[in-house]
Amino acid sequence: MFRLEYIEEIIFQDKEVTIDPEALDRVRESYDFLAGYASSHIIYGVNTGFGPMAQYRVGDGELEALQYNIIRSHACGAGRPLEDIYVRAAILCRMHTFLKGKSGVHPSLPLLLAGVLNNGIYPVIPEHGSVGASGDLVQLAHMALSLIGEGEARVGGRKTGSAEALSAAGLKPLRMYIREGLAVTNGTSVMTGIGLVNLLHAKRLTGWAILASVTMNEIAASYNDFMAPELNGAKHHPGQQEVAQAMNEISRGSRRLKERENVEFDNVEGAEIFRHKVQPFYSLRCVPQILGPVVDQLKNTEKVLVDEFNSADDNPIVDPVSLNVYHGGNFHGDYISFEMDKLKTAVTKMTMLAERQMNYIFHDKINGILPPFLNLGKLGLDYGLQAAQFTATSTTAECQTLSNPMYVHSIPNNNDNQDIVSMGTNSALIAAKVVDNAYQVMAIHFISLAQAVDCLAIRLDLSPQSRRAYDRIREIIPVIKGDAPLYEGIAKVESFLRNQNPCTL
(Lines give C-alpha, C1' and ligand atoms only; values in the text may rest on other atoms or scores of the structure.)
Protein backbone atom coordinates (compact mmCIF):
# COMPACT_ATOMS: atom_id res chain seq x y z
CA MET A 1 0.00 0.00 0.00
CA PHE A 2 1.46 3.35 -1.06
CA ARG A 3 0.66 6.41 1.04
CA LEU A 4 -0.25 9.91 -0.13
CA GLU A 5 3.24 11.21 0.74
CA TYR A 6 4.79 8.85 -1.83
CA ILE A 7 2.28 9.93 -4.45
CA GLU A 8 2.91 13.61 -3.71
CA GLU A 9 6.68 13.22 -4.12
CA ILE A 10 6.27 11.75 -7.59
CA ILE A 11 3.50 14.05 -8.82
CA PHE A 12 4.61 17.36 -7.31
CA GLN A 13 8.35 16.90 -6.86
CA ASP A 14 9.15 14.81 -9.96
CA LYS A 15 10.73 12.05 -7.89
CA GLU A 16 12.09 9.23 -10.06
CA VAL A 17 9.83 6.20 -10.35
CA THR A 18 11.25 2.78 -9.60
CA ILE A 19 9.52 -0.58 -9.90
CA ASP A 20 10.06 -3.24 -7.25
CA PRO A 21 11.27 -6.54 -8.80
CA GLU A 22 8.62 -8.42 -6.79
CA ALA A 23 5.90 -6.28 -8.37
CA LEU A 24 7.30 -7.02 -11.81
CA ASP A 25 7.27 -10.72 -10.93
CA ARG A 26 3.54 -10.43 -10.16
CA VAL A 27 2.97 -8.84 -13.54
CA ARG A 28 4.90 -11.62 -15.28
CA GLU A 29 2.98 -14.34 -13.39
CA SER A 30 -0.36 -12.77 -14.36
CA TYR A 31 0.73 -12.44 -17.99
CA ASP A 32 1.98 -16.02 -18.21
CA PHE A 33 -1.24 -17.37 -16.72
CA LEU A 34 -3.43 -15.35 -19.13
CA ALA A 35 -1.35 -16.43 -22.13
CA GLY A 36 -2.22 -20.05 -21.45
CA TYR A 37 -5.76 -19.46 -20.26
CA ALA A 38 -6.79 -17.36 -23.27
CA SER A 39 -5.94 -20.14 -25.70
CA SER A 40 -8.93 -22.17 -24.53
CA HIS A 41 -11.41 -19.64 -23.08
CA ILE A 42 -13.58 -16.78 -24.29
CA ILE A 43 -12.31 -13.64 -22.57
CA TYR A 44 -13.78 -10.20 -23.04
CA GLY A 45 -11.52 -7.91 -25.02
CA VAL A 46 -8.97 -10.63 -25.73
CA ASN A 47 -10.84 -12.67 -28.33
CA THR A 48 -14.14 -10.75 -28.38
CA GLY A 49 -15.19 -7.30 -29.45
CA PHE A 50 -15.61 -4.47 -26.97
CA GLY A 51 -18.72 -3.13 -25.22
CA PRO A 52 -21.94 -4.11 -27.03
CA MET A 53 -19.70 -5.80 -29.63
CA ALA A 54 -18.59 -8.38 -27.05
CA GLN A 55 -20.98 -10.91 -28.63
CA TYR A 56 -18.71 -11.07 -31.67
CA ARG A 57 -15.84 -13.53 -31.69
CA VAL A 58 -12.52 -12.20 -33.02
CA GLY A 59 -10.36 -14.62 -34.95
CA ASP A 60 -6.85 -15.56 -33.92
CA GLY A 61 -5.32 -13.71 -36.85
CA GLU A 62 -6.94 -10.43 -35.79
CA LEU A 63 -6.16 -10.36 -32.07
CA GLU A 64 -3.26 -7.92 -32.33
CA ALA A 65 -5.26 -5.58 -34.57
CA LEU A 66 -8.08 -5.71 -32.01
CA GLN A 67 -5.83 -4.18 -29.35
CA TYR A 68 -4.70 -1.39 -31.66
CA ASN A 69 -8.28 -0.72 -32.74
CA ILE A 70 -9.52 -0.03 -29.20
CA ILE A 71 -6.83 2.65 -28.89
CA ARG A 72 -7.28 4.31 -32.25
CA SER A 73 -11.07 4.21 -32.28
CA HIS A 74 -11.38 5.72 -28.81
CA ALA A 75 -8.80 8.48 -29.27
CA CYS A 76 -11.61 10.92 -30.02
CA GLY A 77 -11.50 13.38 -27.13
CA ALA A 78 -12.22 17.08 -27.41
CA GLY A 79 -11.47 20.28 -25.56
CA ARG A 80 -8.33 21.67 -24.00
CA PRO A 81 -5.45 19.31 -23.21
CA LEU A 82 -5.09 18.29 -19.58
CA GLU A 83 -2.28 20.02 -17.71
CA ASP A 84 0.95 18.05 -17.46
CA ILE A 85 0.57 17.50 -13.72
CA TYR A 86 -2.77 15.73 -14.23
CA VAL A 87 -1.30 13.57 -17.00
CA ARG A 88 1.68 12.72 -14.80
CA ALA A 89 -0.65 11.66 -12.01
CA ALA A 90 -2.77 9.59 -14.41
CA ILE A 91 0.28 7.75 -15.78
CA LEU A 92 1.41 6.96 -12.24
CA CYS A 93 -2.04 5.62 -11.38
CA ARG A 94 -2.14 3.44 -14.52
CA MET A 95 1.29 2.01 -13.84
CA HIS A 96 0.36 1.08 -10.28
CA THR A 97 -2.83 -0.70 -11.23
CA PHE A 98 -0.78 -2.95 -13.52
CA LEU A 99 1.75 -3.64 -10.75
CA LYS A 100 -1.00 -5.33 -8.74
CA GLY A 101 -0.61 -8.27 -11.12
CA LYS A 102 -4.32 -8.49 -11.89
CA SER A 103 -4.37 -7.29 -15.52
CA GLY A 104 -2.53 -9.96 -17.50
CA VAL A 105 -0.37 -7.39 -19.30
CA HIS A 106 3.20 -7.93 -20.46
CA PRO A 107 5.82 -6.52 -18.04
CA SER A 108 7.02 -4.18 -20.77
CA LEU A 109 3.89 -2.03 -20.26
CA PRO A 110 4.50 -0.84 -16.67
CA LEU A 111 8.20 -0.48 -17.49
CA LEU A 112 7.33 1.78 -20.42
CA LEU A 113 5.00 3.85 -18.22
CA ALA A 114 7.83 4.29 -15.70
CA GLY A 115 10.16 5.35 -18.49
CA VAL A 116 7.65 7.86 -19.80
CA LEU A 117 7.27 9.35 -16.31
CA ASN A 118 10.99 9.53 -15.63
CA ASN A 119 11.63 11.25 -18.97
CA GLY A 120 8.84 13.81 -18.54
CA ILE A 121 6.86 12.64 -21.56
CA TYR A 122 3.21 13.64 -21.19
CA PRO A 123 0.71 12.43 -23.80
CA VAL A 124 -1.66 15.12 -25.05
CA ILE A 125 -5.00 14.13 -23.49
CA PRO A 126 -8.14 16.19 -24.17
CA GLU A 127 -10.30 17.08 -21.16
CA HIS A 128 -13.60 15.78 -22.59
CA GLY A 129 -14.58 12.23 -23.44
CA SER A 130 -15.09 10.14 -20.33
CA VAL A 131 -18.40 9.14 -18.76
CA GLY A 132 -16.42 7.37 -16.05
CA ALA A 133 -18.06 3.97 -16.41
CA SER A 134 -15.63 1.72 -18.30
CA GLY A 135 -13.19 4.03 -16.66
CA ASP A 136 -11.69 6.87 -18.65
CA LEU A 137 -11.85 5.14 -22.02
CA VAL A 138 -11.35 8.16 -24.26
CA GLN A 139 -8.71 9.96 -22.23
CA LEU A 140 -6.77 6.76 -21.57
CA ALA A 141 -6.95 5.94 -25.28
CA HIS A 142 -5.06 9.18 -25.92
CA MET A 143 -2.48 8.05 -23.35
CA ALA A 144 -2.21 4.70 -25.11
CA LEU A 145 -1.93 6.42 -28.48
CA SER A 146 1.29 8.07 -27.33
CA LEU A 147 2.59 4.78 -25.91
CA ILE A 148 2.29 3.11 -29.33
CA GLY A 149 4.15 6.04 -30.91
CA GLU A 150 1.16 7.81 -32.43
CA GLY A 151 -0.50 11.09 -31.53
CA GLU A 152 1.24 13.88 -29.67
CA ALA A 153 3.04 14.42 -26.38
CA ARG A 154 4.47 17.31 -24.39
CA VAL A 155 8.10 17.30 -23.33
CA GLY A 156 9.55 20.22 -21.41
CA GLY A 157 6.37 22.19 -22.02
CA ARG A 158 6.57 21.80 -25.80
CA LYS A 159 4.35 19.66 -28.03
CA THR A 160 5.98 17.07 -30.24
CA GLY A 161 5.14 13.80 -31.96
CA SER A 162 4.93 10.86 -29.59
CA ALA A 163 7.24 8.72 -31.72
CA GLU A 164 9.91 11.44 -31.60
CA ALA A 165 9.52 11.85 -27.84
CA LEU A 166 9.88 8.12 -27.19
CA SER A 167 12.85 7.81 -29.53
CA ALA A 168 14.66 10.76 -27.94
CA ALA A 169 14.30 9.08 -24.55
CA GLY A 170 15.51 5.73 -25.85
CA LEU A 171 12.10 4.11 -25.35
CA LYS A 172 10.43 1.67 -27.73
CA PRO A 173 6.71 2.02 -28.49
CA LEU A 174 4.31 -0.34 -26.75
CA ARG A 175 3.86 -3.72 -28.45
CA MET A 176 0.59 -5.65 -28.22
CA TYR A 177 0.85 -9.10 -26.65
CA ILE A 178 -2.56 -10.20 -25.32
CA ARG A 179 -4.69 -7.30 -24.02
CA GLU A 180 -2.39 -4.30 -23.62
CA GLY A 181 -4.62 -2.01 -25.68
CA LEU A 182 -7.72 -2.66 -23.60
CA ALA A 183 -5.75 -2.67 -20.35
CA VAL A 184 -4.36 0.83 -20.88
CA THR A 185 -7.73 2.31 -21.85
CA ASN A 186 -9.90 0.52 -19.28
CA GLY A 187 -9.70 2.05 -15.80
CA THR A 188 -10.14 5.03 -13.48
CA SER A 189 -6.59 6.40 -13.69
CA VAL A 190 -7.37 9.82 -15.17
CA MET A 191 -10.11 10.69 -12.70
CA THR A 192 -8.01 9.29 -9.85
CA GLY A 193 -4.92 11.20 -10.94
CA ILE A 194 -6.81 14.49 -11.21
CA GLY A 195 -8.49 13.68 -7.90
CA LEU A 196 -5.15 13.18 -6.15
CA VAL A 197 -3.88 16.54 -7.43
CA ASN A 198 -7.12 18.15 -6.25
CA LEU A 199 -6.77 16.56 -2.83
CA LEU A 200 -3.18 17.71 -2.34
CA HIS A 201 -4.13 21.27 -3.30
CA ALA A 202 -7.24 21.19 -1.11
CA LYS A 203 -5.14 20.17 1.90
CA ARG A 204 -2.76 23.06 1.18
CA LEU A 205 -5.65 25.48 0.78
CA THR A 206 -7.02 24.35 4.15
CA GLY A 207 -3.71 25.26 5.77
CA TRP A 208 -3.83 28.71 4.20
CA ALA A 209 -7.46 29.17 5.28
CA ILE A 210 -6.56 28.37 8.89
CA LEU A 211 -3.60 30.75 8.84
CA ALA A 212 -5.69 33.49 7.23
CA SER A 213 -8.36 33.04 9.88
CA VAL A 214 -5.85 33.52 12.68
CA THR A 215 -4.53 36.70 11.04
CA MET A 216 -8.12 37.88 10.58
CA ASN A 217 -8.79 37.56 14.29
CA GLU A 218 -5.52 39.31 15.09
CA ILE A 219 -6.56 42.22 12.87
CA ALA A 220 -9.94 42.38 14.64
CA ALA A 221 -8.28 41.95 18.07
CA SER A 222 -10.74 39.16 18.84
CA TYR A 223 -11.10 37.34 22.12
CA ASN A 224 -9.26 34.03 21.82
CA ASP A 225 -11.62 31.74 23.71
CA PHE A 226 -13.34 30.57 20.51
CA MET A 227 -10.15 28.50 19.98
CA ALA A 228 -10.14 27.07 23.53
CA PRO A 229 -9.71 23.27 23.84
CA GLU A 230 -12.43 23.23 26.47
CA LEU A 231 -14.95 24.84 24.12
CA ASN A 232 -14.08 22.80 21.04
CA GLY A 233 -13.69 19.61 23.03
CA ALA A 234 -17.34 19.92 23.98
CA LYS A 235 -18.18 18.85 20.41
CA HIS A 236 -16.99 15.42 19.38
CA HIS A 237 -15.84 16.21 15.87
CA PRO A 238 -12.11 15.57 15.35
CA GLY A 239 -11.83 18.08 12.50
CA GLN A 240 -13.15 20.93 14.64
CA GLN A 241 -10.71 20.10 17.41
CA GLU A 242 -7.84 19.82 14.92
CA VAL A 243 -8.59 23.24 13.42
CA ALA A 244 -8.86 24.84 16.87
CA GLN A 245 -5.54 23.28 17.91
CA ALA A 246 -3.86 24.50 14.72
CA MET A 247 -5.19 28.02 15.29
CA ASN A 248 -3.90 27.98 18.86
CA GLU A 249 -0.45 26.95 17.66
CA ILE A 250 -0.36 29.58 14.92
CA SER A 251 -1.54 32.33 17.26
CA ARG A 252 1.09 31.57 19.89
CA GLY A 253 3.09 34.75 20.56
CA SER A 254 0.43 37.12 19.23
CA ARG A 255 -0.05 40.38 21.11
CA ARG A 256 -3.29 41.17 19.31
CA LEU A 257 -5.67 38.50 20.60
CA LYS A 258 -7.50 39.24 23.83
CA GLU A 259 -7.98 36.85 26.73
CA ARG A 260 -11.51 37.15 28.02
CA GLU A 261 -10.62 36.32 31.60
CA ASN A 262 -8.37 39.39 31.71
CA VAL A 263 -11.12 41.84 30.72
CA GLU A 264 -11.60 44.38 33.50
CA PHE A 265 -15.25 45.30 33.64
CA ASP A 266 -14.43 48.24 35.87
CA ASN A 267 -13.25 49.98 32.71
CA VAL A 268 -16.69 49.68 31.11
CA GLU A 269 -18.85 50.18 34.18
CA GLY A 270 -21.89 52.30 33.42
CA ALA A 271 -21.52 51.86 29.67
CA GLU A 272 -24.64 50.83 27.81
CA ILE A 273 -22.71 49.72 24.68
CA PHE A 274 -19.31 48.00 24.71
CA ARG A 275 -17.00 49.55 22.13
CA HIS A 276 -15.25 46.23 21.48
CA LYS A 277 -17.54 43.46 20.27
CA VAL A 278 -18.15 40.84 22.96
CA GLN A 279 -18.24 38.21 20.19
CA PRO A 280 -16.92 38.69 16.65
CA PHE A 281 -18.81 37.84 13.47
CA TYR A 282 -19.25 34.15 12.59
CA SER A 283 -16.62 34.30 9.83
CA LEU A 284 -14.08 35.02 12.59
CA ARG A 285 -15.49 33.18 15.59
CA CYS A 286 -16.84 29.97 14.00
CA VAL A 287 -13.75 29.00 12.02
CA PRO A 288 -13.25 25.64 13.84
CA GLN A 289 -16.88 24.75 13.20
CA ILE A 290 -16.69 25.82 9.53
CA LEU A 291 -13.31 24.35 8.58
CA GLY A 292 -13.64 21.30 10.83
CA PRO A 293 -16.00 19.49 8.46
CA VAL A 294 -13.63 20.36 5.60
CA VAL A 295 -10.74 18.69 7.43
CA ASP A 296 -12.82 15.61 8.22
CA GLN A 297 -14.04 15.34 4.61
CA LEU A 298 -10.56 15.63 3.13
CA LYS A 299 -9.42 12.77 5.35
CA ASN A 300 -12.18 10.62 3.92
CA THR A 301 -11.33 11.73 0.39
CA GLU A 302 -7.70 10.80 1.01
CA LYS A 303 -8.68 7.31 2.15
CA VAL A 304 -10.86 6.72 -0.92
CA LEU A 305 -8.32 8.06 -3.41
CA VAL A 306 -5.38 6.20 -1.89
CA ASP A 307 -7.45 3.01 -1.82
CA GLU A 308 -8.29 3.51 -5.52
CA PHE A 309 -4.63 4.20 -6.32
CA ASN A 310 -3.65 0.92 -4.66
CA SER A 311 -6.40 -1.05 -6.44
CA ALA A 312 -6.70 -3.02 -9.65
CA ASP A 313 -9.31 -1.01 -11.59
CA ASP A 314 -9.13 -3.09 -14.74
CA ASN A 315 -11.65 -5.43 -16.40
CA PRO A 316 -11.51 -8.33 -16.59
CA ILE A 317 -9.46 -9.17 -13.49
CA VAL A 318 -6.84 -11.82 -14.15
CA ASP A 319 -6.09 -13.89 -11.04
CA PRO A 320 -3.25 -16.40 -11.37
CA VAL A 321 -3.81 -17.57 -7.78
CA SER A 322 -7.35 -18.87 -8.31
CA LEU A 323 -6.51 -19.67 -11.95
CA ASN A 324 -9.49 -17.69 -13.20
CA VAL A 325 -10.45 -14.55 -15.10
CA TYR A 326 -13.27 -12.50 -13.55
CA HIS A 327 -15.53 -10.22 -15.59
CA GLY A 328 -16.99 -7.31 -13.64
CA GLY A 329 -16.88 -3.55 -13.21
CA ASN A 330 -13.79 -2.45 -11.26
CA PHE A 331 -13.43 0.33 -13.86
CA HIS A 332 -16.59 2.07 -12.61
CA GLY A 333 -15.71 5.47 -11.15
CA ASP A 334 -18.43 6.10 -8.58
CA TYR A 335 -16.04 6.20 -5.64
CA ILE A 336 -14.01 8.98 -7.25
CA SER A 337 -17.03 10.85 -8.60
CA PHE A 338 -18.71 10.98 -5.20
CA GLU A 339 -15.54 12.12 -3.43
CA MET A 340 -14.81 14.83 -5.98
CA ASP A 341 -18.32 16.23 -5.49
CA LYS A 342 -17.71 16.34 -1.75
CA LEU A 343 -14.22 17.79 -2.15
CA LYS A 344 -15.36 20.63 -4.39
CA THR A 345 -18.15 21.45 -1.92
CA ALA A 346 -15.61 21.59 0.91
CA VAL A 347 -13.27 23.83 -1.10
CA THR A 348 -16.17 26.08 -2.05
CA LYS A 349 -17.07 26.52 1.63
CA MET A 350 -13.45 27.48 2.34
CA THR A 351 -13.64 30.00 -0.47
CA MET A 352 -16.89 31.43 0.89
CA LEU A 353 -15.26 31.84 4.31
CA ALA A 354 -12.33 33.73 2.78
CA GLU A 355 -14.69 35.99 0.82
CA ARG A 356 -16.71 36.82 3.94
CA GLN A 357 -13.58 37.52 5.99
CA MET A 358 -12.44 39.78 3.17
CA ASN A 359 -15.75 41.62 3.23
CA TYR A 360 -15.33 42.19 6.98
CA ILE A 361 -12.03 44.02 6.60
CA PHE A 362 -13.17 45.91 3.48
CA HIS A 363 -16.38 47.17 5.12
CA ASP A 364 -15.43 50.07 7.41
CA LYS A 365 -18.91 50.27 8.93
CA ILE A 366 -18.65 46.62 10.01
CA ASN A 367 -15.09 46.48 11.31
CA GLY A 368 -15.00 50.04 12.66
CA ILE A 369 -11.18 50.21 12.64
CA LEU A 370 -10.10 50.21 8.98
CA PRO A 371 -10.55 52.63 6.07
CA PRO A 372 -13.03 51.63 3.33
CA PHE A 373 -11.55 48.88 1.12
CA LEU A 374 -8.25 49.25 3.02
CA ASN A 375 -7.63 52.44 1.09
CA LEU A 376 -4.34 54.10 2.08
CA GLY A 377 -4.66 56.70 -0.67
CA LYS A 378 -7.02 59.67 -0.94
CA LEU A 379 -10.62 58.59 -0.39
CA GLY A 380 -12.75 59.36 -3.42
CA LEU A 381 -9.74 59.72 -5.67
CA ASP A 382 -8.20 56.33 -4.94
CA TYR A 383 -10.12 53.07 -4.56
CA GLY A 384 -7.87 50.69 -2.66
CA LEU A 385 -8.97 47.06 -3.01
CA GLN A 386 -12.57 47.85 -3.94
CA ALA A 387 -12.39 46.27 -7.39
CA ALA A 388 -10.38 43.29 -6.15
CA GLN A 389 -13.42 42.36 -4.09
CA PHE A 390 -15.46 42.14 -7.31
CA THR A 391 -13.05 39.49 -8.57
CA ALA A 392 -13.14 37.54 -5.32
CA THR A 393 -16.93 37.66 -5.04
CA SER A 394 -17.63 36.67 -8.65
CA THR A 395 -15.12 33.83 -8.46
CA THR A 396 -16.67 32.58 -5.24
CA ALA A 397 -20.10 32.67 -6.88
CA GLU A 398 -18.81 30.51 -9.72
CA CYS A 399 -17.55 27.97 -7.17
CA GLN A 400 -21.00 27.84 -5.62
CA THR A 401 -22.61 27.05 -8.97
CA LEU A 402 -19.94 24.47 -9.84
CA SER A 403 -20.61 22.71 -6.54
CA ASN A 404 -23.80 21.15 -7.86
CA PRO A 405 -23.24 17.37 -7.86
CA MET A 406 -22.03 15.45 -10.90
CA TYR A 407 -22.24 12.04 -9.21
CA VAL A 408 -26.00 11.81 -9.86
CA HIS A 409 -25.84 12.99 -13.48
CA SER A 410 -25.88 9.63 -15.20
CA ILE A 411 -26.85 9.45 -18.89
CA PRO A 412 -27.10 5.98 -20.48
CA ASN A 413 -25.01 5.46 -23.63
CA ASN A 414 -23.07 2.80 -25.57
CA ASN A 415 -26.29 1.13 -26.81
CA ASP A 416 -27.38 1.16 -23.15
CA ASN A 417 -24.55 -1.21 -22.27
CA GLN A 418 -23.32 1.62 -20.04
CA ASP A 419 -26.79 2.24 -18.62
CA ILE A 420 -25.63 3.93 -15.40
CA VAL A 421 -22.34 5.79 -15.30
CA SER A 422 -20.27 7.77 -12.80
CA MET A 423 -19.18 10.91 -14.68
CA GLY A 424 -16.14 10.66 -12.42
CA THR A 425 -13.71 12.50 -14.70
CA ASN A 426 -16.15 15.36 -15.19
CA SER A 427 -16.53 15.53 -11.41
CA ALA A 428 -12.74 15.59 -10.94
CA LEU A 429 -12.27 18.27 -13.61
CA ILE A 430 -14.98 20.50 -12.14
CA ALA A 431 -13.41 20.05 -8.72
CA ALA A 432 -10.09 21.11 -10.25
CA LYS A 433 -11.73 24.31 -11.51
CA VAL A 434 -13.09 24.99 -8.02
CA VAL A 435 -9.60 24.47 -6.59
CA ASP A 436 -8.13 26.91 -9.12
CA ASN A 437 -10.80 29.47 -8.23
CA ALA A 438 -10.11 29.01 -4.53
CA TYR A 439 -6.44 29.86 -5.01
CA GLN A 440 -7.41 33.06 -6.82
CA VAL A 441 -9.74 34.14 -4.02
CA MET A 442 -7.21 33.16 -1.38
CA ALA A 443 -4.53 35.23 -3.14
CA ILE A 444 -6.72 38.35 -3.00
CA HIS A 445 -7.53 37.55 0.62
CA PHE A 446 -3.86 37.40 1.64
CA ILE A 447 -3.16 40.66 -0.17
CA SER A 448 -6.04 42.23 1.76
CA LEU A 449 -4.77 40.80 5.06
CA ALA A 450 -1.34 42.29 4.47
CA GLN A 451 -2.93 45.63 3.56
CA ALA A 452 -5.02 45.58 6.75
CA VAL A 453 -1.91 44.92 8.83
CA ASP A 454 -0.29 47.98 7.24
CA CYS A 455 -3.39 50.10 7.82
CA LEU A 456 -3.21 49.33 11.53
CA ALA A 457 0.63 49.21 11.70
CA ILE A 458 0.48 45.99 13.72
CA ARG A 459 3.12 43.83 12.01
CA LEU A 460 5.22 43.50 15.15
CA ASP A 461 2.19 42.51 17.22
CA LEU A 462 1.29 39.54 15.01
CA SER A 463 2.15 35.98 15.93
CA PRO A 464 5.46 34.84 14.42
CA GLN A 465 3.75 32.68 11.79
CA SER A 466 1.28 35.39 10.78
CA ARG A 467 4.18 37.82 10.54
CA ARG A 468 6.17 35.44 8.32
CA ALA A 469 3.18 35.09 6.00
CA TYR A 470 2.80 38.89 5.91
CA ASP A 471 6.50 39.30 5.09
CA ARG A 472 6.34 36.79 2.24
CA ILE A 473 3.32 38.56 0.73
CA ARG A 474 5.06 41.90 0.99
CA GLU A 475 8.08 40.45 -0.82
CA ILE A 476 5.73 39.77 -3.73
CA ILE A 477 3.52 42.85 -3.68
CA PRO A 478 4.32 46.08 -1.80
CA VAL A 479 1.87 48.07 0.30
CA ILE A 480 -0.83 49.62 -1.89
CA LYS A 481 -1.07 53.39 -1.43
CA GLY A 482 -2.20 54.74 -4.79
CA ASP A 483 -4.27 53.04 -7.48
CA ALA A 484 -2.38 50.67 -9.77
CA PRO A 485 -3.21 47.47 -11.69
CA LEU A 486 -3.22 44.48 -9.33
CA TYR A 487 -3.64 41.54 -11.69
CA GLU A 488 0.07 40.70 -11.86
CA GLY A 489 0.42 40.82 -8.09
CA ILE A 490 -2.63 38.59 -7.64
CA ALA A 491 -1.18 36.04 -10.05
CA LYS A 492 2.19 36.06 -8.27
CA VAL A 493 0.60 35.60 -4.85
CA GLU A 494 -1.55 32.79 -6.24
CA SER A 495 1.57 31.04 -7.52
CA PHE A 496 3.21 31.48 -4.12
CA LEU A 497 0.25 29.92 -2.30
CA ARG A 498 0.20 26.98 -4.71
CA ASN A 499 3.88 26.21 -4.27
CA GLN A 500 4.42 26.97 -0.59
CA ASN A 501 3.28 24.75 2.26
CA PRO A 502 1.94 27.11 4.94
CA CYS A 503 3.15 24.76 7.66
CA THR A 504 6.78 25.35 6.58
CA LEU A 505 6.70 29.15 6.60
Side-chain angles (χ1 to χ4, degrees), residues 1-24 26-27 82-101 109-123 125 136 140 143 147 153-157 165 169 171 187-208 211 246 295 298-313 335-336 339-340 343 347 428 431-432 435-436 438-439 494-505:
M1 290 287 288
F2 290 93
R3 297 167 61 87
L4 186 63
E5 292 77 13
Y6 161 82
I7 299 169
E8 182 176 14
E9 286 180 347
I10 293 175
I11 296 176
F12 277 52
Q13 301 169 26
D14 293 340
K15 179 180 178 180
E16 184 176 359
V17 175
T18 58
I19 295 180
D20 189 295
E22 290 185 8
L24 214 55
R26 288 195 298 270
V27 176
L82 296 180
E83 294 178 22
D84 288 351
I85 192 168
Y86 299 135
V87 178
R88 182 173 180 81
I91 295 171
L92 179 65
C93 291
R94 204 80 212 114
M95 182 188 79
H96 269 273
T97 202
F98 295 143
L99 294 179
K100 306 305 291 184
L109 175 51
L111 287 171
L112 176 58
L113 289 168
V116 165
L117 274 178
N118 290 336
N119 285 279
I121 300 170
Y122 303 122
I125 301 177
D136 303 304
L140 286 174
M143 179 190 295
L147 296 180
R154 285 169 56 85
V155 181
L171 299 172
T188 62
S189 297
V190 173
M191 67 178 81
T192 303
I194 297 170
L196 286 164
V197 175
N198 289 342
L199 171 64
L200 290 164
H201 277 306
K203 288 166 70 75
R204 182 162 293 182
L205 279 164
T206 305
W208 286 120
L211 175 54
V295 169
L298 293 184
K299 288 180 180 177
N300 188 69
T301 300
E302 178 176 341
K303 180 184 183 306
V304 170
L305 285 170
V306 172
D307 281 348
E308 188 77 15
F309 178 83
N310 286 294
S311 298
D313 58 8
Y335 273 106
I336 305 303
E339 288 307 310
M340 288 298 98
L343 178 141
V347 173
V435 167
D436 287 345
Y439 271 117
E494 179 191 346
S495 177
F496 164 72
L497 297 179
R498 281 180 174 275
N499 295 294
Q500 171 70 53
N501 187 335
C503 297
T504 60
L505 275 175

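Separating the CD1 atom in Ile11 from the CZ atom in Arg88 is a distance of 8.0 Å, to the nearest 0.5 Å. In this structure, Thr188 OG1 and Glu308 CD are separated by 3.5 Å, a value rounded to the nearest 0.5 Å. The distance from the CD atom of Glu5 to the CG atom of Leu200 is 9.0 Å, given to the nearest 0.5 Å. Distance check: Ile85 CD1 to Tyr122 OH gives 9.0 Å after rounding to the nearest 0.5 Å. Taken to the nearest 0.5 Å, the CG atom of Leu113 stands 8.0 Å off from the CD1 atom of Ile19. The CD1 atom of Ile10 sits 5.0 Å away from the CG atom of Leu92 when rounded to the nearest 0.5 Å.
In terms of modelled atom types and a separation under 3.5 Å, the side chain of Asn198 and the main chain of Ala428 share a donor-acceptor contact. Side chain of Ser311 to main chain of Thr97: no donor-acceptor pair is present (N/O by atom type, distance under 3.5 Å, no hydrogens or angles). No donor-acceptor pair under 3.5 Å is formed between the side chain of Asn119 and the backbone N or O of Ile121. Looking at Asp313, its side chain never comes within 3.5 Å of a backbone N or O of Gly187 through a donor-acceptor pair. Asn310 contributes a side-chain N or O that, together with a main-chain N or O of Phe2, makes up a donor-acceptor pair within less than 3.5 Å. Here the side chain of Arg154 pairs no donor or acceptor atom with the backbone of Glu83 at under 3.5 angstrom. With hydrogens and angles disregarded, no donor-acceptor distance shorter than 3.5 Å links the side chain of Arg204 to the backbone of Pro502.
Taking all atoms of both residues into account, the shortest heavy-atom contact from Ser189 to Asp136 is N-OD2, 3.5 Å. The shortest non-hydrogen separation linking Pro123 to Met143 is CB-CA, 3.9 Å. Minimum interatomic distance between Val27 and Phe98 (heavy atoms only, all atoms of both residues): CG2-O, 3.3 Å. Of all the heavy atoms in Gly195 and Met340, the pair that sits closest is CA-SD, 3.6 Å. The two residues Leu147 and Leu112 come nearest to each other via the heavy atoms O-CD2, 3.9 Å. The two residues Leu199 and Leu298 make their nearest non-hydrogen contact at CD1-O, 3.7 Å.
When the ring pair (Phe, Tyr, Trp, His ring centres under 6.0 Å) test is applied to Phe12, the partners found at least two apart in sequence or on another chain are His201. Considering only residues two or more places apart in sequence or on other chains, Phe309 meets the ring pair (Phe, Tyr, Trp, His ring centres under 6.0 Å) condition with His96.
The shortest distance between side-chain heavy atoms of Val190 and Arg94 does not fall below 4.5 Å. Side chains of Leu117 and Glu16 form no contact here, defined as non-hydrogen atoms less than 4.5 Å apart. Residues Leu196 and Leu4 form a side-chain contact, since some pair of their non-hydrogen atoms from C-beta on lies under 4.5 Å apart. Between Glu339 and Asn300 there is a side-chain heavy-atom pair separated by less than 4.5 Å.
The 12-atom threshold is exceeded at OH of Tyr439, counting heavy atoms of other residues, nucleotides or ligands nearer than 6.0 Å. With a 6.0 Å radius and a threshold of 12 heavy atoms from other residues, nucleotides or ligands, Lys299 has its NZ atom above the threshold.
A salt bridge between Arg498 and Asp436 is present, with a side-chain N of the basic residue lying under 4.0 Å from a carboxylate O of the acidic one. Salt-bridge annotation for Arg26 and Glu22: absent, with no side-chain N of the basic residue lying under 4.0 Å from a carboxylate O of the acidic one.
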